[in-house]
Amino acid sequence: MASRRSRLELIFDILLAIQNKGGKIKPTHLMYKSNLSHKLLNNYLEELIRRGLINTEEEFSKKKQKSNKSVLITEKGLNFLAEFRRMREFTDAFGL
Amino acid sequence: MYRLFYTPTWFNGWDVVFDVVGLIVCLLIAAYSWRVYRINRENKFAYFSLALVLVALGFLSKVFTSSVLYFTPLRDVVAEVLQPFTGPRLSFSSLFYRAAFFIQMASTLAAWIVVFFVSQKARARLRRFHEVAQIALFAYLLLLITVVSNFQYYVFYLTSAVILGLIVLNYFKNYLNTNGNRNALLVMLSFLFILFGNFFFIFVFLSTSLYVVGEALVLIGFLILLYTYTQVKRRKD
């Protein structure tokens, strides 16, 4: 069985899921892609918004007559992804 | 008479340059490891950073004593400063060199011990209490060997080579565990070169040329480490 993900790994998985969807994703899709519960995901999304790593936007759908919420990754979020990849490479290279 | 310097005359100063390169490489990687520790708060990165700072300290001590030996102006200044301790006409100057060598030995051996422990995977470690006991035993042996090495130059490099051998083994396992990660291979190779360098230092009493070979091998090891570090820092995808 895979070990529990650390907090940073969870953040990485969330941001990676958004990046893989072209930088924009619906919360429900994000929940499945990042393999998190709804409550846990919301907690992390709040923190990521607070830290400026993601943004949310709402689009009004004329067809469905309701607004759709999307999560977008910011430039800071992309930088975090790059930095985390470097950290992971460092960890693998030096056996830490 | 106890001998500490085996540099051929033509190599005077070049070993200082080689050691400065090693010192800079250690500090660069130590700084990045500390930065990673600040982000994820995992102690192993702090320990690794500390280990590399200790290696840098060992290099600094060696660079300083070698520079004092090779460069007369520096020797004059140091002699002036240390005269209260080294006595009239520097009659006890050997104490200065022995003390500096002790610092080099203690910090370098301590560094290799720490690198050995952090490069082990968690499942290879014993339970917590036994791990503390293991570290305490190593620390005692380290202190003992450092004291003994103060009388025998080659004992230090022999001990260093043994620990480096274990480190190379750990990094070989790491290379296999990371499915042939190129950077993991480079780290293993770098420590292998440093290990080979230490082998030559053990036998330096046979010929001073072996000292040059040893220094060159250690330099190559640290240059590979520097290259690996730049590769890690360049990674974006």
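For the numbers below, each heavy atom of this structure counts, side chains included, while hydrogens, waters and symmetry mates do not. Lettering of chains follows the sequences in order, A, B, ..., and the numbering in each one begins at 1. Small disclaimer: the values here were computed from a predicted structure and weren't measured.
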Enquirer: Please report the interatomic distance CZ(A/Arg88) to OG1(B/Thr178), rounded to the nearest 0.5 Å.
Expert: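 The distance works out to 13.0 Å.
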Enquirer: Does the side chain of B/Asn181 reach to within under 4.5 Å of the side chain of A/Glu89, using non-hydrogen atoms?
Expert: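 Result yes, sub-4.5 Å side-chain heavy-atom pair found.
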Enquirer: Side chain, backbone, both or neither: which part of B/Ile39 has a non-hydrogen atom closer than 4.5 Å to chain A?
Expert: both
Enquirer: Can you find a pair of side-chain heavy atoms, one from B/Ile29 and one from A/Phe94, that are under 4.5 Å apart?
Expert: yes
Enquirer: Look up atom CD in B/Glu42 and atom CG in A/Leu8, then write down how far apart they are to the nearest 0.5 Å.
Expert: 8.0 Å
Enquirer: Can you confirm whether more than 12 heavy atoms, excluding those of B/Arg41, are under 6.0 Å from its CZ atom?
Expert: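 Counting neighbours around CZ of B/Arg41, more than 12 heavy atoms of other residues, nucleotides or ligands fall under 6.0 Å, so yes.
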Enquirer: Any idea how B/Phe48 and A/Phe90 line up, ring-wise: parallel (<30°), tilted (30 to 60°), or perpendicular (>60°)?
Expert: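 It falls in the perpendicular class, over 60°.
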Enquirer: Quick check on B/Tyr229: does its OH atom have over 12 non-hydrogen neighbours (other residues, nucleotides or ligands) under 6.0 Å away?
Expert: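 Counting neighbours around OH of B/Tyr229, more than 12 heavy atoms of other residues, nucleotides or ligands fall under 6.0 Å, so yes.
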Enquirer: Tell me, yes or no, whether the heavy-atom count around B/Phe172 atom CZ, taken from other residues, nucleotides or ligands under 6.0 Å, exceeds 12.
Expert: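 No - once you tally the heavy atoms of other residues, nucleotides and ligands closer than 6.0 Å, there are 12 at most.
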Enquirer: Give the minimum heavy-atom separation between A/Met87 and B/Tyr32, together with the two atoms involved.
Expert: N-OH, 3.7 Å
Enquirer: What distance separates B/Tyr47 OH from A/Leu96 CG, expressed to the nearest 0.5 Å?
Expert: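 Taking OH in B/Tyr47 and CG in A/Leu96, the distance rounds to 13.0 Å.
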Enquirer: Between A/Glu83 and B/Arg35 (salt bridge meaning N to carboxylate O under 4.0 Å), is one present in this structure?
Expert: yes
Enquirer: Any chance CZ of B/Phe193 has more than 12 other-residue heavy atoms, nucleotides or ligands included, within less than 6.0 Å?
Expert: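 Not more than 12 within 6.0 Å, no.
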Enquirer: At a heavy-atom separation under 4.5 Å, does B/Asn174 approach chain A through its side chain, its backbone, both, or neither?
Expert: side chain
